[in-house]
Each structure stands twice: as structure tokens, then as C-alpha cells.
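Just below is one structure, and these are the notes that go with it.
A, B, ... follow the sequence lines: proteins, then strands. Residue 1 opens every chain. Nothing here was measured: the structure is a model prediction, and the numbers come from that model. Computed over heavy atoms, backbone and side chain alike; hydrogens, waters and symmetry mates excluded.
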Number of protein chains: 2
Amino acid sequence: MPYPTSPEPDAGPAADRAYDLTKKLVLSGELPGGHLFSEGEIAGLLGVSRTPVREAFLRLQAEELLRLIPKRGAVVVPVSPEEAEDVLDAREAIEIAAVRRLLHSPDLLPAAVADLQAALRIQQAHADAGDVHAFAEADEDFHGRIVAAGRNCLTIRFYATLAERQQRMSMRALGPVPERLPGVLREHAELIATIENGDEQGFGTALRAHLDGIHRS
Amino acid sequence: MPYPTSPEPDAGPAADRAYDLTKKLVLSGELPGGHLFSEGEIAGLLGVSRTPVREAFLRLQAEELLRLIPKRGAVVVPVSPEEAEDVLDAREAIEIAAVRRLLHSPDLLPAAVADLQAALRIQQAHADAGDVHAFAEADEDFHGRIVAAGRNCLTIRFYATLAERQQRMSMRALGPVPERLPGVLREHAELIATIENGDEQGFGTALRAHLDGIHRS
DNA sequence: GAGGATAGATACATGCTGGTGTCTATGTTG
DNA sequence: CAACATAGACACCAGCATGTATCTATCCTC
């Protein structure tokens, strides 16, 4: 269910390349949290000036991936266990709010449910194929579609930053364990059922149980 | 109830001045939504180069106050009525989540309640003095303290951007009308009561009624 | 003479400046 | 109406000034 959000800012080719490269370095986990590096490193790597790199750093600072220290450099913002709790709480709140709003527009409900069922089928296929990585991606996509169904640009964008942050945390922890895959699929189906039934309360409890089971075990 | 969040980034004196000036121009409503202006204008106004202005623009773009158009300039992001609904929904979700989490840490509850009661007393004083502007500020502060009580850095920051956005919308609409002041105070007291009683459901319904009454009338 | 503190020097990274090339939109001319 | 010229604005670059942390050599104390 595509819903219009702000497009990615296009600040120029060099700035975008610097942004993509730096973000990849941070999100891939190659740079440990707290690692200090400089604009010059990225600039040299890409063969560009420091100016576009600086722009990229500022954008990444706005996304909370970097923290710029005056006259020192940029540190990779570390993700802490306490923050994990924060991310999960925020995700819960956003998803619940999205469902709440969706249920207030009954005419949009069938399409949203169909969209979620399609996403679930894709995830099921990845599970059958034993592709854990694709499964995890489909999992993110499923929850993202729940939020998108709420049609609130602000929360959609905020949720995207949360997902990114969680991805960084999971990178350092273990990925999804194969034996939990069937449970995840079953719980996703249950989430869809509560939405279909207009059971806002039931969705909230099911979602909390779901997230608890996956990430807080 | 102070709770640590990220400090404002300090990118240098010139960049900060450019940031403050531009933000003031946008938030004060002097520049209408959709107005196009250039880096050079601000740079000339402050007597600095375009580079720090560019940094300020990027920060403001991250805050959704500006939209930078390549090779064209910066437009003031307009606030639309549909977005008003989005902002209110998001605010609701965040405040409810904060209370939910607060109620999960009973030992923090008394201090939080006392904090909210103090904020309410201040607001009451402004109402008695007939200072509508100070009343509105105290109102923002009250709701901000509810969110702060949830002690979730991520949602606290997000909520701050929401409040800013709402401020811009209210700037174009009417401010708080004096005859609604007593009702607002009564509803705030009721919100505190539901929190004190651990009535999460009651808080949600009371909050929704409260926000509906103020902003969606 | 040994050890530690301190002042100077060094390396490094940022913050900002001025300027160049390029792109977009606008106005002009045939 | 189309092609061209023009003006405005950005995207980027190279360089200078400034600030910070580190390293070193000297000095003082014991």
C-alpha cells in the first residue's frame, strides 16, 4: 500500500554518494559504536571534497546515526540495551495508533487487510524456502505496512527511523532463530485477524505479546 | 521532571545564528508557507558566507520546516489541515504510550503526578492572571511533561517536533479562546486523576476528548 | 640521578570563506 | 511558437583560520 511520504532529499550526486556510503558503513556494523572518524576519510574514499561529506554527516546526525563533535569528528552513536526498550515501546505505540486510525475509516479496511495478507504470504514463502534473511526483511515490511495503513506521514517517517535503529541493534545481537519462524507467522496472522474484526484492544495485546516474544525474550 | 535528551547540536557560531534566525522567521509565520527564498538572503542578512546557512537549512529540512529544492532554493513547508489531524493523532499515541510506560514503573508515579500537579498550578496562575499567551505555553509544557514522564528519549524528541509543528499551525489559526480556559484546566486535572489511579484506558479516552475539544472543534 | 609535572610544539580535524561550474527558470528575438 | 540569451541559485572545491588532543623536551622536586 504505497502512501506518499516526503521523497529522499537529493542534495547532489556527491553528497548523496557520501550519504549512502557513510550510512552503509554505520548500518552494516563495520564501524563499532563510539568509533570516531573524520570527514576527510569519507572524502578521500570517494575522491570528493569535504563539503558534500559534511552535508551527509549533518543528515546522518539528524537521523541519530552520527553525533558530530565540534572540532573533533563524528562518532557512531552507540545503541544501548535501554534504548532497545525505548524503540520497542515507540514501535508499539505507532503501530497501535495506525490500526486505530485505520479502523476509523472502514472503507479502507478491506484493501489494508488484503495488503497485509499479501505481505504475510510473501513472508511465508521465505520461511518455506528457509531464507532467514529474506524472512527478516519481510517481517520489517509487514510491520511497516501496518503503519502505512494508518496513512499518517509523520508517524510513517518516525517509524522508519525506529526500524533503522532496531536493525542496528539486531546486527549486534542474534538474528531470527529458525524455530521461531512458524510462531511469528501465526502471530502475524492473528494480528491481521484482530484488524479485520475491528478489535483494537485485541490488536494491542497481540502486538505486545508478539514483540515481547521476538525481541524481549 | 528533567530527563536527558540529546543536546542541541552546536555546529559553530555562524551556523547556529543562521539556524536560529531562519527558524524564527519560519516559526513566526512571517514567511508564508510555500515561500521560496535563498541561502544568499540569510547569508547577507547575517553577514556570513553561504556555507553555514546551508548547514542551517539542512538541519531545518530534517525538522521538516524547510524543503530544499536543488538549484532553486528553500521553500517553507506549508502546514495543511490534513496534517493537523496527523499531528494530533501522533500526539495522542505518544502521550498514551508515555502514560502506559509510566504506569509500569509504580515507584516513579508519585513524583510524576506531583510534577504534573505543579505544572497545572502554574497554568492555573496564568489563567487567573488572564495571560492567554503564557497559558498556551503552560499548556504545551503540561503535555510535554506527560511525555517526559514516559522516560523514552525517542518519543520525547519526536513529540517535540510535533509540538513545534502544531505551533506553526496554531499561528495561522486562532489562539486559545479565553472561555475555554476553565475547561482545559478541568480536563488537565482529570488527566492527572486517571494517571494517579493507574487508569490507562481512562487516560486515553480523556486525552482524546481533551484534544478533540481544543483543536478539532 | 630518577620521576613526574608542565610548557611548547606538532598533527589533525573542523568552521568558514571566496570562487567556479552547472543547472533551472525566465525573458527575448526571429 | 521555438530557439537563444540571461540572470539567479545551488553544488562543489581548495584553502585559511581556529580549536583540540597528543607528543616531547625541559624543569623542578626528592
Side-chain angles (χ1 to χ4, degrees), chain A residues 6-26 30-78, chain B residues 6-26 30-78:
Chain A
S6 291
E8 281 294 303
D10 175 28
D16 281 345
R17 283 202 305 151
Y19 174 83
D20 291 337
L21 172 64
T22 311
K23 188 165 188 172
K24 191 165 74 67
L25 286 176
V26 173
E30 292 181 33
L31 302 174
H35 177 75
L36 183 79
F37 62 106
S38 68
E39 300 171 357
E41 295 179 40
I42 307 293
L45 237 53
L46 290 173
V48 299
S49 165
R50 272 178 33 229
T51 305
V53 178
R54 183 167 184 75
E55 286 193 16
F57 279 18
L58 285 168
R59 271 157 72 183
L60 291 167
Q61 176 171 248
E63 295 178 29
E64 306 266 351
L65 289 177
L66 291 184
R67 156 84 51 95
L68 301 185
I69 302 179
K71 304 280 187 184
R72 286 294 313 270
V75 298
V76 180
V77 173
Chain B
S6 291
E8 282 295 303
D10 175 28
D16 282 343
R17 282 200 307 150
Y19 174 84
D20 291 337
L21 172 62
T22 311
K23 188 166 187 170
K24 191 165 75 66
L25 286 177
V26 174
E30 293 181 33
L31 302 175
H35 177 74
L36 182 79
F37 61 105
S38 67
E39 300 171 356
E41 295 179 40
I42 307 293
L45 236 53
L46 290 173
V48 298
S49 166
R50 274 180 24 235
T51 305
V53 179
R54 182 168 183 74
E55 288 193 15
F57 279 19
L58 285 167
R59 271 157 71 183
L60 292 167
Q61 176 169 249
E63 295 179 29
E64 306 267 351
L65 290 177
L66 291 184
R67 156 84 52 95
L68 301 185
I69 302 180
K71 306 278 188 184
R72 286 294 313 269
V75 299
V76 179
V77 173

N/O-N/O pairs, protein side and nucleotides 3-9 of chain D side, under 3.5 Å:
from, atom 1, to, atom 2, distance (Å)
dA9(D), O3', Arg72(B), O, 3.4

In whole angstrom, give the distance that lies between atom [atom1] of [X] and atom [atom2] of [N].
X: Leu46(B); N: dT17(C); atom1: CG; atom2: P; answer: 10 Å
X: Arg67(A); N: dT14(C); atom1: CZ; atom2: P; answer: 16 Å
X: Leu68(B); N: dC10(D); atom1: CG; atom2: C1'; answer: 10 Å
X: Leu58(A); N: dT14(C); atom1: CG; atom2: C1'; answer: 12 Å
X: Leu66(A); N: dT14(C); atom1: CG; atom2: P; answer: 11 Å
X: Gln61(B); N: dA11(D); atom1: CD; atom2: P; answer: 10 Å
X: Arg59(B); N: dG15(C); atom1: CZ; atom2: P; answer: 11 Å
X: Glu55(A); N: dC16(C); atom1: CD; atom2: C1'; answer: 14 Å

* **By side chain to side chain contact (heavy atoms under 4.5 Å, CB included) - contacts of Leu21(A) (at least two apart)** =>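 Leu25(A), Ile42(A), Leu45(A), Leu46(A).
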* For Ala62(B), what residues pass the side chain to side chain contact (heavy atoms under 4.5 Å, CB included) criterion, not counting sequence neighbours? ->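 In terms of side chain to side chain contact (heavy atoms under 4.5 Å, CB included), with neighbours along the sequence ignored, Ala62(B) is linked to Ala62(A).
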* Does a nitrogen or oxygen in the side chain of Arg54(A) sit under 4.0 Å from OP1 or OP2 of dG15(C)? ->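 Answer yes for this pair, as a side-chain N or O of Arg54(A) is under 4.0 Å from OP1 or OP2.
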* SB check Asp16(A) Arg59(A) (cutoff 4.0 Å) ->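 The answer is yes: the pair qualifies as a salt bridge.
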* Asked: Which pair of heavy atoms, one from Ala43(B) and one from Ser49(B), lies closest together, and at what distance?
  ->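 Distance-wise, the nearest heavy atoms are CB-O, 3.7 Å.
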* Mind listing the closest non-hydrogen atom pair of Ala15(B) and Ala56(B) along with its distance? =>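 That closest heavy-atom pairing would be O-CB, 4.0 Å.
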* To do: Would you mind telling me which of dG19(C), dA14(D), dT17(C) lies closest to the side-chain atoms of Ser49(A)?
  =>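 So the nucleotide nearest the side chain must be dA14(D).
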* From dC10(D), dC13(D), dG15(C), nucleotide with atom closest to Arg50(A) side chain ->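 Output: dG15(C).
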* To do: Have a look at Arg72(A) and tell me which of Ile69(A), Leu68(A), Val75(A) forms a side chain to side chain contact (heavy atoms under 4.5 Å, CB included) with it.
  =>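 Checked Ile69(A), Leu68(A), Val75(A) against Arg72(A); only one passes side chain to side chain contact (heavy atoms under 4.5 Å, CB included): Ile69(A).
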* **Of Val76(A), Leu66(A), Val77(A), the residue whose pairing with Leu60(A) passes side chain to side chain contact (heavy atoms under 4.5 Å, CB included)** =>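 Single pass found, and it is Leu66(A).
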